[in-house]
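Order of listing sets the numbers, starting from 1, for every ligand and every atom in it.
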Amino acid sequence: MAAHPISSHSHNAADLAAVLTNTNTTLRNASLLSALALVQQLPAMFVEAEDQRPVLEMDGDPLAFSHLIPIVDMSLLKSSDPAVRASSVADIAAACEKFGFFQVVNHGVDESLIRRCETEAHTMFELPLDVKERVHRPPGTSFGYGANTWVNQTVMHWAESFHMQLHPKSNIREFSGKLFAESDPTKFSSTVEEYMGQIEKLARQLLELLTEGLGLEPTTFNHYVENERMMSMRFNLYPPCPQPELAIGLRAHTDPHLLTILHQDEVAGLQVHIDEKWITVKPRPDCFVVNVGDLFQVLSNTRYKSVLHRAAVNGTSKRLSLACFLNPPLSATVEAPPELITAERPQVYRPFTWGEYLSNAYKFHPAMGGERHERFFLERS
Ligand code: OGA
Ligand code: NI
């Protein structure tokens with residue numbers, strides 16, 4: 001199943017030399033990874049703290065606990081038998097309450113479109129470093145090609161990433177025009193737009209199902225993602241790592257967003273923190289992994305959980321994931337509806353705007369702590 005062996009990477013020795021002799025932190029931030037696939041020993045800046053290092057093998061079986069993340073067959077939601085549909089909605093709600101994660105199969109997104117989008121992502125990452133630098137993401141900003149970094153993070157992720165936005169204002173054609181100026185920019189941009197459009201439809205459908213699972217009118221939260229909304233996608237590429245046991249692809253985090261719809265290829269790496277253990281989500285290229293983001297935890301008044309997850313890396317195969325995020329507009333006030341505020345479950349968070357939350361989201365790292373959420377707790381008098 002190892003689809004992309006280390007020898008197939010496109011980075012060359014000139015890239016490596018350029019990076020190793022360059023002390024410019026911008027270059028270092030954005031492109032070190034491209035070149036480092038060539039080194040035998042993990043450079044110090046990628047050596048993760050001992051207690052944060054992931055282990056892919058669990059009890060000898062790398063996928064031992066993957067059955068814990070439920071797979072929901074979305075075709076059952078169309079059943080003419082109301083009991084079948086109700087039981088699927090209940091499964092989704094239970095998964096969001098217990099794990100904050102579930103997977104969906106028969107989700108309606110064309111298999112061939114997923115493959116085409118993955119192909120475009122690989123084509124993009126395989127472009128020469130100086131071409132990718134045309135869409136460089138400056139540290140502290142959101143969109144473009146670079147490294148996923150949090151403020152104050154000292155250890156670098158073993159990953160390249162490329163983050164694009166479809167709404168409110170698409171930057172996809174502009175990025176594509178710069179990356180593929182010498183070839184055909186429309187192939188990349190039209191594939192990505194088509195993919196994100198289908199994922200957005202799926203995400204809206206899931207938003208209604210999750211809302212229904214809370215016992216609310218399914219459309220209760222639709223106003224958050226109607227005309228004005230934010231929809232973005234990050235390609236994450238995790239190259240083969242010379243010492244995967246010392247590195248991390250993406251540190252433990254919760255997603256600040258409303259909903260995340262992630263597609264992982266056939267290489268394992270995504271791990272979810274459940275009952276004090278890291279559970280590897282077994283790759284199923286016919287599935288999407290769906291997770292509750294912080295905003296949905298807030299809207300559900302903590303009935304649904306935004307759960308820590310991370311990406312481990314390996315020594316032999318590169319791994320690609322496509323992560324789509326659905327969000328309200330920055331000005332939207334995020335607040336649990338009165339139906340979910342009860343004597344047994346009092347209001348946990350104060351009302352805030354998504355813009356306010358987002359401006360804090362990458363400053364305060366929630367790994368193992370939750371400081372980020374606490375800033376938005378309701379102050380009790
Ligand atoms: C993310 C994420 C996991 C993965 O992009 O937020 O959690 O497997 N990605 O790439
Ligand atoms: Ni995430």
Review point. Quick one: which ligand 1 atoms are inside 4.0 Å of a heavy atom on Ser321?
Key: 4 (C), 10 (O)
Review point. Does one side chain, of Glu160 or Tyr145, offer a donor that lies under 3.5 Å from an acceptor on the other?
Key: yes
Check your understanding: Does Arg310 have a heavy atom less than 4.0 Å from any atom of ligand 1?
Key -> no
Study note, to complete from the structure: Counting from 1 in the order shown, the ligand 1 atoms closer than 4.0 Å to a non-hydrogen atom of Arg234 are 1 (C), 5 (O), 6 (O)
Review point. At a non-hydrogen distance cut-off of under 4.0 Å, which region of Gln271 contacts ligand 1 (side chain, backbone, both, or neither)?
Key: neither
Review point. Could you go step by step and tell me if Glu120 and Lys187 meet the salt bridge (charged side-chain N to carboxylate O under 4.0 Å, His left out) rule?
Key: CA-CA 8 Å; Glu120 292 303 323; Lys187 184 153 163 282; 2.9 Å; yes
Check your understanding: Should you measure from each heavy atom of Arg319, which atoms of ligand 1 turn up under 4.0 Å away?
Key -> 4 (C), 8 (O), 10 (O)
Exercise for review: May I ask you to list the atoms of ligand 1 that are less than 4.0 angstrom from any heavy atom of His253?
Suggested key: 1 (C), 2 (C), 6 (O), 7 (O)
Point to revise | Distance-only side-chain donor-acceptor flag, Arg284 / Gln103, under 3.5 Å | key: no
Study note, to complete from the structure: Near Leu262 (heavy-atom distance under 4.0 Å), the atoms of ligand 1 are 3 (C), 4 (C), 9 (N)
Revision key, fill the gap. Under 4.0 Å between heavy atoms, the region of Leu250 that gets near ligand 1 turns out to be side chain
Exercise for review: Please state whether Gln264 comes within less than 4.0 angstrom of ligand 1, counting heavy atoms only.
Suggested key: no
Check your understanding: Looking at His309, which atoms of ligand 1 are within less than 4.0 Å of one of its heavy atoms?
Key -> 7 (O)
